[in-house]
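Worksheet: one structure, shown below.
One-based numbering, in listed order, for ligands and for the atoms of each. These numbers come from a predicted model, not from an experiment. Only heavy atoms go into these numbers, but all of them, side chains included; no hydrogens, no water, no symmetry mates.
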Amino acid sequence: MNQKGGCGKTTIAVNLAAVLKKGGLNTIVLDADPQLSASRWAKQGGEAFPLVVHPLDMTKGARKVKTDIRELAETADMIVIDCPPELREPAMLASLLADVVLVPVTPSPLDIWAAEAATDLAHDARELNGNNKPIVILLPSKTNTHTVIAKDLSQTLATMEGQVAPVSIVQRVVLAECVIAGSTIDRYAPSSPALREMEALGQFLLQFK
Ligand SMILES: Nc1ncnc2c1ncn2[C@@H]1O[C@H](COP(=O)(O)OP(=O)(O)O)[C@@H](O)[C@H]1O
Ligand SMILES: [Mg+2]
C-alpha cells in the first residue's frame, strides 16, 4: 500500500504472491485497484498464469469487503491485497484487515514524503485495531544500486515510524518484462537477482504469519 502511483505496488504484490505460492503456500492476490492492473497482468498470461487474481471492490462498504475477504481467506494460506493509489478509504480498510502492511518507497524525497502519509495511515489502523496489527514495513523499491540516493534510502527510512525491510527491490528490467510476457518473475527469470530479492522478501514476511 502507498497512495503514490508507480512505486511498485502491483509489481511487488503479484511477484511476491507468486514466490509465496511457489514456496508451498496457497496464495491469492486481491486486486483492489479500480484500474485492475494486476487483473490485466493475469489476463495477459491467460491459462498459464500461476496465480488467482480476484478483483476486489473496496468501495462497497467495510462489512461487505470484510465478509468477502474472510470467505476467500478460508481457501488460502496467504492473501496479498494490491491497493489502489490515491484513495484513502480502501487503503484504510485494507490496513484494518491486514496482518502486515508493506509500503514500497522509491528513492526520491517526494516519494519518501508520500510514503510517510501511507505509514501514518497504517499506524492509525493499528491504533484503531488496538492489537498491534498491522505490522508496518517500509520496503525500498525500484532502487538503483549505483546511486547515492538509493544507498541512503534505508537509512532515511529508518528514521521513520515502522520497520524497514532488510531487502530492497532493485530496479531491474526483468520485472517490467515479465508483465509483458504475462508471467511472474519465478517463471520468467528463474535465476535472476530479481527473483532472489523477491524470495528474500517472502522469507522475511513469513515470520509475521
Ligand atoms: N523493481 C522494478 N524494476 C523495474 N521496473 C519496475 C520495478 N517496479 C516497478 N516497475 C515498473 O514501474 C512501473 C510502475 O510499477 P507498478 O508496480 O505498476 O506501481 P504501482 O502499482 O505502485 O502503481 C511499471 O511500469 C513497472 O513495470
Ligand atoms: Mg498498481
Side-chain angles (χ1 to χ4, degrees), residues 1-19 28-45 49 51 53-59 79-91 93-95 98 100-108 110-119 121-122 136-147 149-151 153-154 157 164-189 192-202 204:
M1 184 259 279
N2 186 339
Q3 281 136 291
K4 181 94 189 172
C7 62
K9 292 182 291 295
T10 301
T11 302
I12 293 165
V14 172
N15 285 310
L16 173 66
V19 302
I28 58 175
V29 176
L30 300 187
D31 184 1
D33 187 348
Q35 287 185 17
L36 296 176
S37 321
S39 306
R40 290 176 75 168
W41 180 353
K43 213 170 157 194
Q44 180 93 345
F49 201 73
L51 281 168
V53 178
H54 274 285
L56 178 71
D57 180 0
M58 293 287 243
T59 61
I79 291 182
V80 179
I81 306 179
D82 184 22
C83 283
E86 272 140 44
L87 306 170
R88 188 182 156 89
E89 209 174 292
L93 188 48
S95 298
V100 176
V101 171
L102 205 51
V103 180
V105 194
T106 49
S108 124
L110 296 171
D111 294 354
I112 294 167
W113 295 331
E116 251 164 3
T119 54
L121 189 148
V136 185
I137 295 167
L138 291 152
L139 173 64
S141 173
K142 297 172 83 169
T143 58
N144 183 331
T145 45
H146 304 301
T147 62
I149 191 164
K151 282 181 191 144
L153 180 61
S154 293
L157 297 183
V164 184
V167 52
S168 299
I169 304 301
V170 176
Q171 174 107 36
R172 298 192 189 276
V173 73
V174 281
L175 284 168
E177 283 173 356
C178 71
V179 183
I180 301 164
S183 188
T184 50
I185 195 66
D186 52 309
R187 292 181 170 203
Y188 183 76
S192 65
L195 174 60
R196 284 202 298 278
E197 284 147 14
M198 210 58 76
E199 284 174 339
L201 175 63
F204 166 69

Sub-4.0 Å heavy-atom approach of G6 to ligand 1: yes
Just wondering, do R88 and Q3 contact through their side chains at under 4.5 Å, heavy atoms? yes
Donor-acceptor pair, distance only, cut-off 3.5 Å: does the side chain of K9 make one with the backbone of K4? yes
Quick one: does I169 get a heavy atom under 4.0 Å from ligand 1? yes
Any F49 side-chain heavy atom under 4.5 Å of V14 side chain: yes
Does ligand 1 have an atom under 4.0 Å from some heavy atom of S37? no
Would you indicate whether the side-chain heavy atoms of S192 and R172 approach each other to under 4.5 Å? no
Please could you name the atoms of ligand 1 that A176 approaches to less than 4.0 Å, counting only its heavy atoms? 27 (O)
With respect to L153, which candidate in D111, L138, T143, T106 satisfies the side-chain contact (heavy atoms from CB on, under 4.5 Å) definition? T143
Is K43 close to L36 at the side-chain level, that is, under 4.5 Å between some pair of heavy atoms? no
Using a 3.5 Å distance criterion without hydrogens, assess whether the side chain of S141 forms a donor-acceptor pair with backbone atoms of C7. yes
Among all protein heavy atoms in this structure, tell me which lies nearest to atom 13 (C) of ligand 1, with the distance rounded to 0.1 Å. K142 NZ, 3.7 Å
Among protein heavy atoms, which lies nearest atom 15 (O) of ligand 1, and at what distance? T11 OG1, 3.7 Å
R172 heavy atoms within 4.0 Å reach ligand 1 at atoms 2 (C), 3 (N), 4 (C)
Looking at Q171, M1, E197, K4, the heavy atom closest to atom 5 (N) of ligand 1 belongs to Q171
Just wondering, do P104 and I169 contact through their side chains at under 4.5 Å, heavy atoms? no
Under 4.0 Å, counting heavy atoms only: does V170 come that close to any atom of ligand 1? yes
Does any N, O or S atom of T10, backbone or side chain, fall under 2.8 Å from the Mg ion (ligand 2)? yes
Atom indices of ligand 1 within 4.0 angstrom of G5 heavy atoms, with elements: 23 (O)
Between W41 (side chain only) and S183 (backbone N and O only), is there a donor and an acceptor less than 3.5 Å apart? yes
State whether any protein heavy atom lies less than 4.0 Å from atom 25 (O) of ligand 1. no
Are any of the N/O atoms on S141, whether in the backbone or the side chain, positioned under 3.5 angstrom from an N/O atom of ligand 1? no
For the student: nearest non-hydrogen atoms of I12 and L201, plus distance: CG2-CD2, 3.9 Å
Donor-acceptor contact below 3.5 Å, side chain N15 vs main chain I185: yes
Would D82 count as a polar contact of ligand 1, with the cut-off being nitrogen or oxygen pairs under 3.5 Å? no
Given the protein's heavy atoms, is any one of them under 4.0 Å from atom 9 (C) of ligand 1? yes
Indicate yes or no: does an N/O atom of L175 lie under 3.5 Å from an N/O atom of ligand 1? no
protein heavy-atom neighbour closest to atom 18 (O) of ligand 1 works out as T10 CB, 4.1 Å
Students should be able to answer this: which protein heavy-atom is nearest to atom 19 (O) of ligand 1, and at what distance? G8 N, 3.0 Å
For C7, counting its heavy atoms only, list the atoms of ligand 1 lying under 4.0 Å from any of them. 19 (O), 20 (P), 22 (O)
Is the backbone N or O of A181 less than 3.5 Å from a side-chain atom of Q44, with the two atoms forming a donor-acceptor pair by type? no
